[in-house]
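In what follows, a single structure is set out as structure tokens and then discussed.
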Amino acid sequence: MNLDFIAKPMGMLVELLYNMVSGLDSSYLSAYAIAIILSTIIFKLLMMPFTLKQSKSMKKMQELNPKIKELQEKYGKDPQTLQRKQMELYKEANYSPFSGCLPMLIQFPILIAFFYVIRSPEIYVFDNQEAYDLINKTFLWINDLSFAENYVFENGIINGISMGMAIPFIGAALPILAAVSAFTTYLTTKMTSQPAINEQQEATQRSMNMMMPIMIFIFGLQFPAGLALYWVVSNIFQLVQQYIVMNSSKNPKEELK
């Protein structure tokens, strides 16, 4: 699927932000890193109406979960009656079990397009490889966000913080950004998971809660560090947003209106 029609405007946004903060460029925190952080925040703000709807839907499901478990205990041996009673409960509470799906469907192509922009900034942001090669791409302990955190340059310099030895698969650098990406993914996955209504769903969620962070950690070791930076900022934003929504004192039934 070609998502250039979304990726190109996003690339223009990153370029605009880069030009705006170019005066803040330093040897430890490049303007490019700042542009990635700011563009991620802006992207999350634009998606906030959809993610808030999803978060509020999850909160409502948590409110209904005890009643659903009561129905399961009462009608567990009669699946058809159980399903009918659950639908009646959803209708009474003005809740749709599919209300959290639409925001995910809307966000997915935009997320992929943003992924394209950060992975290939020489195409979508700086127009050519030569211009991209000339800019500063440092982020704190990372020398170049266009390479993986454990990348070793031809002159022997490691892109991240050297461990003094090389570990198979991990490399010679401390995988700090990859580890933070995995940890924040674990937190967001756990926090945004819908309450399980049966043992099978609970087992599936446990598997997802473990597999997703592992996959993100592996990606963090393989892909440019700029992508890991985007992922960490995005996760932190989502964690803060989810915490605020889930701890809101407002009636969840009113929030879904």
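- Atom-to-atom distance recorded for Thr185:OG1 and Met215:CE is 10.0 Å, nearest 0.5 angstrom.
- The number of heavy atoms from other shown groups lying within 6.0 Å of CZ (Phe115) is above 12.
- Closest approach of Ser22 to Asn19, counting heavy atoms only: OG-O, 3.1 Å.
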(request) Step by step, work out the side chain to side chain donor-acceptor pair (under 3.5 Å) result for Asp4 and Tyr116. (result) CA-CA 9 Å; Asp4 278 1; Tyr116 286 173; over 6 Å; no

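- For the atom pair CD1 (Ile157) and CG (Asn143), the distance works out to 6.5 Å, reported to the nearest 0.5 Å.
- Note that the CG atom of Asp25 and the CD1 atom of Ile135 stand 8.5 Å from one another [nearest 0.5 Å].
- Heavy-atom neighbours of Phe153 CZ from other residues, nucleotides or ligands within 6.0 Å: above the threshold of 12.
- Nearest heavy atoms, Ile6 versus Ala113: CG2-CB, 3.5 Å.
- Here Thr138 contributes atom OG1 and Asn159 contributes atom CG; the two are 10.5 Å apart, rounded to the nearest 0.5 Å.
- Between Ile142 and Ala225, the shortest heavy-atom contact is CD1-CB, 3.8 Å.
- Here the side chain of Thr189 pairs no donor or acceptor atom with the backbone of Asn209 at under 3.5 angstrom.
- With hydrogens and angles disregarded, no donor-acceptor distance shorter than 3.5 Å links the side chain of Asn136 to the backbone of Ala31.
- Looking only at side-chain heavy atoms (C-beta outward), Tyr151 and Ile158 stay at 4.5 Å or farther from each other.
- Annotation: side chain of Phe139 is in contact with side chain of Leu229 (closest heavy-atom distance under 4.5 Å).
- For the pair Ser120 (side chain) and Val117 (backbone), a donor-acceptor distance under 3.5 Å is absent.
- Inter-residue side-chain proximity for Phe169 and Ile218 is flagged as met; some heavy-atom pair is nearer than 4.5 Å.
- In this structure, Lys137 forms a cation-pi arrangement with Tyr132, its terminal cationic atom sitting closer than 6.0 Å to the ring centre and no more than 45° off the ring axis.
- None of Val14, Val233, Leu13, Val21 except one satisfies the side-chain contact (heavy atoms from CB on, under 4.5 Å) rule with Leu38; the exception is Val21.
- Put simply, Met12 and Phe5 are part of two different groups of oily side chains (I, L, V, M, F, W, Y) that touch within less than 4.5 Å, one to the next.
- Checking side-chain atoms of Glu149 against main-chain N and O of Gly220 turns up no donor-acceptor pair under 3.5 Å.
- Contact record, Pro224 with Leu145: CB-O, 3.5 Å, taken as the closest heavy-atom pair.
- Tracing side-chain contacts under 4.5 Å through hydrophobic residues (I, L, V, M, F, W, Y), one reaches Ile161 starting from Met165; they form part of the same cluster.
- Within the 4.5 Å cutoff, the side chain of Met10 has no heavy atoms near those of the Tyr124 side chain.
- For the atom pair Leu29 CG and Ile37 CD1, the distance stands at 6.0 Å (nearest 0.5 Å).
- A pairwise comparison of heavy atoms in Asn150 and Leu221 identifies OD1-O, 3.4 Å as the closest pair.
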(request) Report the C-alpha distance between Asn235 and Ser181 in whole Å, list the side-chain angles of each, state the deciding distance to 0.1 Å, and finish with yes or no for side chain to side chain donor-acceptor pair (under 3.5 Å). (result) CA-CA 8 Å; Asn235 281 344; Ser181 298; over 6 Å; no

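- Counting only distance, with no hydrogens or angles, the side chain of Ser234 and the backbone of Trp231 share no donor-acceptor pair below 3.5 Å.
- Residues Phe126 and Leu134 are not in side-chain contact: their nearest non-hydrogen atoms beyond the backbone lie 4.5 Å or more apart.
- In Met48, the CE atom is crowded: over 12 heavy atoms of neighbouring residues, nucleotides or ligands sit closer than 6.0 Å.
- Follow the hydrophobic side-chain contacts under 4.5 Å out from Leu16 and you reach Phe43 in the same cluster.
- Residues Pro121 and Tyr32 meet the side-chain proximity criterion, which asks for heavy atoms closer than 4.5 Å.
- For the pair Phe183/Leu187, a side-chain contact is recorded, criterion being any heavy-atom separation below 4.5 Å from C-beta on.
- Hydrophobic clustering keeps Met210 apart from Ile216 (ILVMFWY residues linked when any side-chain heavy atoms are closer than 4.5 Å, directly or through intermediates).
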(request) Could you walk me through whether Ile176 and Trp141 pass side chain to side chain contact (heavy atoms under 4.5 Å, CB included), step by step? (result) CA-CA 9 Å; Ile176 299 174; Trp141 67 91; 3.6 Å; yes

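- Phe223 has its ring centre no less than 6.0 Å from the ring centre of Tyr230.
- To the nearest 0.5 Å, atom CE of residue Met20 and atom CD1 of residue Ile34 are 11.5 Å apart.
- Two residues are said to be in side-chain contact when any heavy atoms from C-beta on lie closer than 4.5 Å; Ile170 and Met163 meet this criterion.
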